[in-house]
Number of protein chains: 2
Amino acid sequence: MKKEKVHDRILRVASELFYKQGFNSTGINQIIAEADIAIGSLYNHFSSKNDLLHAYLIKEENNWFEGLEKSLVNLTEPGKKLSSIIDYRKKLQQSSKFAGCHFIKIISEIGEGNPVVSAFAKRHKEKQKEVIHTMVKEYSESNPSIDIDLTTEQIFLLIEGAVVSSTINKNNDSFDQVKKIVQGLLP
Amino acid sequence: MKKEKVHDRILRVASELFYKQGFNSTGINQIIAEADIAIGSLYNHFSSKNDLLHAYLIKEENNWFEGLEKSLVNLTEPGKKLSSIIDYRKKLQQSSKFAGCHFIKIISEIGEGNPVVSAFAKRHKEKQKEVIHTMVKEYSESNPSIDIDLTTEQIFLLIEGAVVSSTINKNNDSFDQVKKIVQGLLP
DNA sequence: GTCTATAATAGGATAGAC
DNA sequence: GTCTATCCTATTATAGAC
């Protein structure tokens, strides 16, 4: 294991803080204190706090899809894959102590204020839905009775709902319900 | 129509700003500028920015349930009521230009940082679910085949998912899908 | 590349006159 | 009740030494 580069350490520390306490609530001073560097070094690696935010979003997006792939490896049955994607989101909530979805969080905080961030979050959710769509389509090949688009939307919305609900309630009950619902959905 | 009291004007202006640009992104200075009052007056009516936040949440919660009641008045059929609650959330999104749910927003922004706010948001969502639960239970009286608790959870999560999805996409497509799904759900 | 010092501004909040 | 003036701290960001 190579030693962590300064650039990566800054980004890791900033990411944790942005995620846990929010972007606006996290000051540059706190980042440099916890990363144990001087402020001049931070601005040597990142041109602004906004630049750090963009790097954060890109990294979290990559992590998200890499983590998903790992969860799906060796699975071939589409019904199992759909079940696994629910488990994946559930696991993410558990391991983050129910901190919620990075992209819903940042949209809630920044809103219209930053079009680049809005567009990024929108694209991220589109990609998530595309993954589900592919799985549902695959599933429909052996079960042609289902409505592919409507089932995709239903599973996607149930998961999104479960994420916000589990974030508010600090438990994963919703995910267990979603698993039951989705099982009933797939003949 | 009585003239708006200063107290109410402060709260109205602050509420709009908290909702549209976020709590942390809204400064006291901006609030007093847009409410056209002096800072001393603000602190005469509200003891702190946090006090203003609590007043904001209470007001939005009251507005939410009052608005829902108005949407449901004259409706007796439980299936129609359930359909109306979806329309209500859809209408709220439309009229706020897809600004999202006040409570999901504040939780995303403040997170663990403020237990009072967390508890308030949690309770608010519980109340929403209770409303749906009552409707589903009523519906089940003439359609005993449905699973009341699971159907309640499903409708609740679909709506929550549609709210965040429509906030990110700036359109109400998800709500139209949810209406179709829920119609298919109720025999 | 990393550091310290500092700029320039905005944050929330208070005191006291009227 | 409303106002102005002010306090103290924190904010993001830059300059320049090493």
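Convention: sequence-line order gives letters A, B, ...; per-chain numbering from 1.
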N-O pairing of B/E138 and B/K81 below 4.0 Å
yes
Whole angstrom is fine here: how far is it from NE2 in B/H7 over to C1' in D/dT2?
15 Å
Could you go through the side-chain hydrogen bond (donor to acceptor under 3.5 Å, both in side chains) check for B/N172 and B/Q93 one step at a time?
CA-CA 8 Å; B/N172 268 334; B/Q93 281 291 82; 5.4 Å; no
Cation over ring face, A/K105 and A/Y19, 6.0 Å, 45°
yes
Protein-nucleotides 16-18 of chain C N/O pairs closer than 3.5 Å?
none

May I ask you to check whether over 12 heavy atoms, not counting those of B/K80, lie within 6.0 Å of atom NZ?
no
Take atom CD1 of B/I31 and atom C1' of C/dA13, then tell me their distance rounded to the nearest Å.
13 Å
State which of D/dG1, C/dC3, C/dG1 makes the closest approach to the side chain of A/N44.
C/dG1
How close or far is atom C1' of C/dT2 from atom NZ of A/K5, stated in whole angstroms?
16 Å
From the list C/dT4, D/dT2, C/dT2, which nucleotide is the closest neighbour of the side chain of B/V6?
D/dT2
Once you round it to whole Å, what is the distance between P of D/dT11 and CD of A/Q21?
10 Å
What's the CD1-C1' distance between A/I32 and C/dA5, to the nearest Å?
12 Å
Nucleotide C/dA13, atom P - distance to OH of B/Y43 in whole Å:
4 Å
Using a cut-off of 4.0 Å on non-hydrogen atoms, how would the nucleic acid contact of A/I39 be classed: base, sugar-phosphate, or nothing?
base
Tell me whether the OP1 or OP2 atom of D/dG1 has a side-chain N or O from B/S41 closer than 4.0 Å.
no
Atom NE2 of A/H45 and atom C1' of D/dA13: how far apart are they, to the nearest Å?
17 Å
When you measure from the centre of the six-membered ring of A/F156, is the NZ or CZ of A/K129 closer than 6.0 Å and no more than 45° off the axis?
yes
With B/K90 as the cation and B/F175 as the aromatic partner, state whether NZ or CZ is under 6.0 Å from the six-membered ring centre and within 45° of the axis.
no
Picking from C/dA13, D/dC3, C/dC3, the nucleotide nearest the side-chain atoms of B/S48 would be C/dA13
Would B/K49 count as a cation-pi partner of B/F23, with NZ or CZ less than 6.0 Å from the six-membered ring centre and within 45° of the ring normal?
yes
Go through the steps to decide whether B/R89 and B/Q94 satisfy the test side-chain hydrogen bond (donor to acceptor under 3.5 Å, both in side chains), and finish with yes or no.
CA-CA 9 Å; B/R89 295 295 287 273; B/Q94 194 85 45; over 6 Å; no
Whole-Å distance between C/dT4 C1' and A/I37 CD1?
14 Å
Answer yes when B/K97 and A/E112 have at least one side-chain N-carboxylate O distance shorter than 4.0 Å, and no when they do not.
no
Output a table of nitrogen or oxygen pairs between the protein and nucleotides 7-11 of chain C separated by less than 3.5 Å.
| residue | atom | partner | partner atom | Å |
| --- | --- | --- | --- | --- |
| C/dG11 | OP2 | B/N29 | ND2 | 3.2 |

